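Okay, structure first, notes after.
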Amino acid sequence: MPQAKVMSLPQTVNRHKHDHYQLVLGLTGSAEIDMCGLAAHLDVSHACIVPTDTYHDFFGRPSNHVLVIDLDESSPAFHDPLHPDYDILNPLFESPKLVSLDQGMRQLTQVCIQEIQRAETDLALRHHMACTIIRCLSRRVLPDTKPKKVPLLDINRIDHYIWQHIQERISISDLADCICVSERHFHELFKQQTDQTPHQYVIRMRLNYASRLLRETNLSLAEISQKSGFSSQSAMTNSMRKYEGFTPKQLRNRFN
């Protein structure tokens, strides 16, 4: 949740970095900030965008006031492509920026400040005002930004991982890690792309392998269930009956 606050920057030079994203808008007076060599002058017509873990030097001139909006780096809006704000926040905070504020943004900021100061204890109001400023600013900084397509998972790599570990227990975390995708949204992306849950997909691949062994080898059902990664022969039988409509014995009999 964005956190908005009005404050004065110290008149002595400070240097720090933080593990959250930050938007700083000039209100009265002026201040200076340097972000990795990008020098920014903050006054009523300017704002700066500070990405996470970005060292910056800053100081304020007498009677300066700024609006500081902090955004949590761990928010799903920065990590989940399905989040409605993902395509706005990530491009906006991908690098340090100095932003010129047009008359509309200056007026909007002043209105938001007045409302925040009028209801200082209303945290929900602070949140909504901060979101309004960020969204309106992003439309000016990123006017041509279009919603990105949901990224496609590399199913071939997932298949290769499953075949390599077919005899082992395979978790959603394992599948997400093998293609370097966050487990947080892997399940939903996978289901959108395959119309199956990851668990159903792995079961079907185990059944495909078990079916091949039943057709092409004389291994016992217990051995086949083990090689296919099922916890037991009965687990393989139940899964095959559920997904295929027949048992391992019935399948083997067809090829004998």
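Since the model is a prediction, treat every value here as computed from it, not as a measurement.
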Hey, mind stepping through Asp43 and Leu27 against side-chain contact (heavy atoms from CB on, under 4.5 Å) and telling me if it holds?
CA-CA 6 Å; Asp43 56 21; Leu27 298 178; over 6 Å; no
Check: Phe190 main-chain N/O paired with Gln193 side-chain donor or acceptor under 3.5 Å:
no
CZ of Arg212 to CG of Leu207, rounded to nearest 0.5 Å, is 13.5 Å
Quick one, Asp87 and Pro91 - any side-chain contact, counting heavy atoms below 4.5 Å?
no
Note, Gln200 side chain near Ile203 side chain (heavy atom, < 4.5 Å)
no
Whether Arg106 side chain and Leu101 backbone form a donor-acceptor pair below 3.5 Å
yes
Just do the side-chain contact (heavy atoms from CB on, under 4.5 Å) check on Leu38 and Met35 with the steps written out, would you?
CA-CA 5 Å; Leu38 176 63; Met35 303 173 289; 3.9 Å; yes
Kindly compute the distance separating CD1 (Ile166) from OH (Tyr161), expressed to the nearest 0.5 Å.
11.5 Å
Determine, using the 4.5 Å side-chain heavy-atom cutoff (strictly less than), whether Tyr55 and Ile49 are members of one ILVMFWY cluster.
no
I'd like to know if Leu153 and Val202 are part of one continuous hydrophobic network [Ile/Leu/Val/Met/Phe/Trp/Tyr, side-chain heavy atoms within less than 4.5 Å].
yes
Please step through side-chain contact (heavy atoms from CB on, under 4.5 Å) for the pair Leu9 and Val66, ending with a clear verdict.
CA-CA 7 Å; Leu9 296 183; Val66 295; 4.0 Å; yes
State whether Phe59 and Arg15 meet the cation-pi test: NZ (Lys) or CZ (Arg) under 6.0 Å from the six-membered ring centroid, and within 45° of the perpendicular axis.
no
Report yes if the side chains of Ile172 and Glu183 come closer than 4.5 Å at any heavy-atom pair, otherwise no.
yes
Ser75 side-chain N/O to Asp72 backbone N/O, donor-acceptor pair under 3.5 Å:
no
Quick check for you: to the nearest 0.5 Å, what is the distance between Trp163 atom CH2 and Asn208 atom CG?
6.0 Å
Are Leu98 and Met105 grouped together when hydrophobic residues (ILVMFWY) are joined by side-chain heavy atoms under 4.5 angstrom apart?
no
Counting distance only, does the side-chain N/O of Asp154 pair as donor-acceptor with the main-chain N or O of Leu152 below 3.5 Å?
no
How long is the straight-line distance from NE2 of His41 back to NE2 of His46, given to the nearest 0.5 Å?
7.0 Å
Report yes if some heavy atom in the side chain of Lys5 is under 4.5 Å from a heavy atom in the side chain of Val68; otherwise report no.
yes
Tightest non-hydrogen contact, residues Ala210 and Met240, listed as CB-CE, 4.5 Å
Under a 4.5 Å cut-off applied to non-hydrogen side-chain atoms, are Asn14 and Asp57 in contact?
no
Can you tell me how far apart OG1 (Thr247) and CE (Met236) are? Round to the nearest 0.5 Å.
9.0 Å
Is the shortest side-chain heavy-atom distance between Phe230 and Ile224 below 4.5 Å?
no
Please step through side-chain contact (heavy atoms from CB on, under 4.5 Å) for the pair Ile170 and Arg206, ending with a clear verdict.
CA-CA 11 Å; Ile170 300 174; Arg206 293 191 192 281; 3.8 Å; yes
More than 12 heavy atoms of other residues, nucleotides or ligands under 6.0 Å from CD of Glu168: yes or no?
yes
Can a side-chain donor-acceptor contact be found between Asp159 and Tyr201 if the only test is distance below 3.5 angstrom?
yes
Has the side chain of Gln117 got a donor or acceptor atom that lies under 3.5 Å from a matching backbone atom of Gln114?
no
For Arg204 and Glu244 the tightest heavy-atom approach is NH1-OE2, 4.3 Å
Side-chain ion pair, Arg118 and Glu115, N-O less than 4.0 Å
yes
Is a donor from one side chain sitting under 3.5 angstrom from an acceptor on the other, for Ser182 and His79?
no
Backbone of Leu123 reached by a side-chain donor or acceptor of His127 within 3.5 Å
no
Within the 6.0 Å centroid threshold, strictly below: Phe58 and His16:
yes
Are Leu89 and Leu67 joined in one hydrophobic group, where the rule is that I, L, V, M, F, W and Y side chains link up if heavy atoms are under 4.5 Å apart?
yes
Under a 3.5 Å distance rule, please check whether Lys97 uses its side chain to pair with a backbone N or O of Leu92 as donor and acceptor.
yes
Is the side chain of Ser171 donor-acceptor paired with the backbone N or O of Asp174 at a distance under 3.5 Å, no angle test?
yes
Could you tell me whether the side chain of Asp80 and the main chain of Pro76 form a donor-acceptor pair under 3.5 Å?
no
Please report the shortest heavy-atom distance between Leu213 and Lys227, naming the atom on each side.
CD1-CB, 4.1 Å
For the side chain of Ser228 and the backbone of Ser225, is there at least one donor-acceptor N/O pair under 3.5 Å apart?
no
Any ion pair linking Arg135 and Asp85 (charged N to carboxylate O, less than 4.0 Å)?
yes
Taking all heavy atoms of Phe93 and all of Gln22, pick out the closest pair and write down the distance.
CE2-O, 3.6 Å
Centroid-centroid under 6.0 Å between His187 and His199 rings
no
Check Arg157 against Cys178 and note the closest heavy-atom contact, atom names and distance.
CD-O, 3.1 Å
Shared hydrophobic cluster, Leu25 / Val111 (ILVMFWY, side-chain heavy atoms < 4.5 Å)
no
Atom pair CD1 (Ile179) and NE2 (His160), whose distance is rounded to the nearest 0.5 Å
13.5 Å
What are the two closest heavy atoms between Asn64 and Ser30, and how far apart are they?
CB-O, 3.3 Å
Got a sec, which residues hit salt bridge (Lys or Arg N to Asp or Glu O under 4.0 Å) with Arg61, two or more places apart in sequence or on another chain?
Glu32
Arg254 vs Phe246 side-chain heavy atoms within contact, under 4.5 Å
yes
When you look at His56 and His18, which way does the ring pair (Phe, Tyr, Trp, His ring centres under 6.0 Å) test go after all the steps?
CA-CA 10 Å; His56 47 287; His18 34 69; 5.0 Å; yes
Are any non-hydrogen side-chain atoms of Val50 and Ile33 less than 4.5 angstrom apart?
yes
Counting only heavy atoms not in Glu73 (residues, nucleotides, ligands), do more than 12 fall under 6.0 Å from its CD?
yes
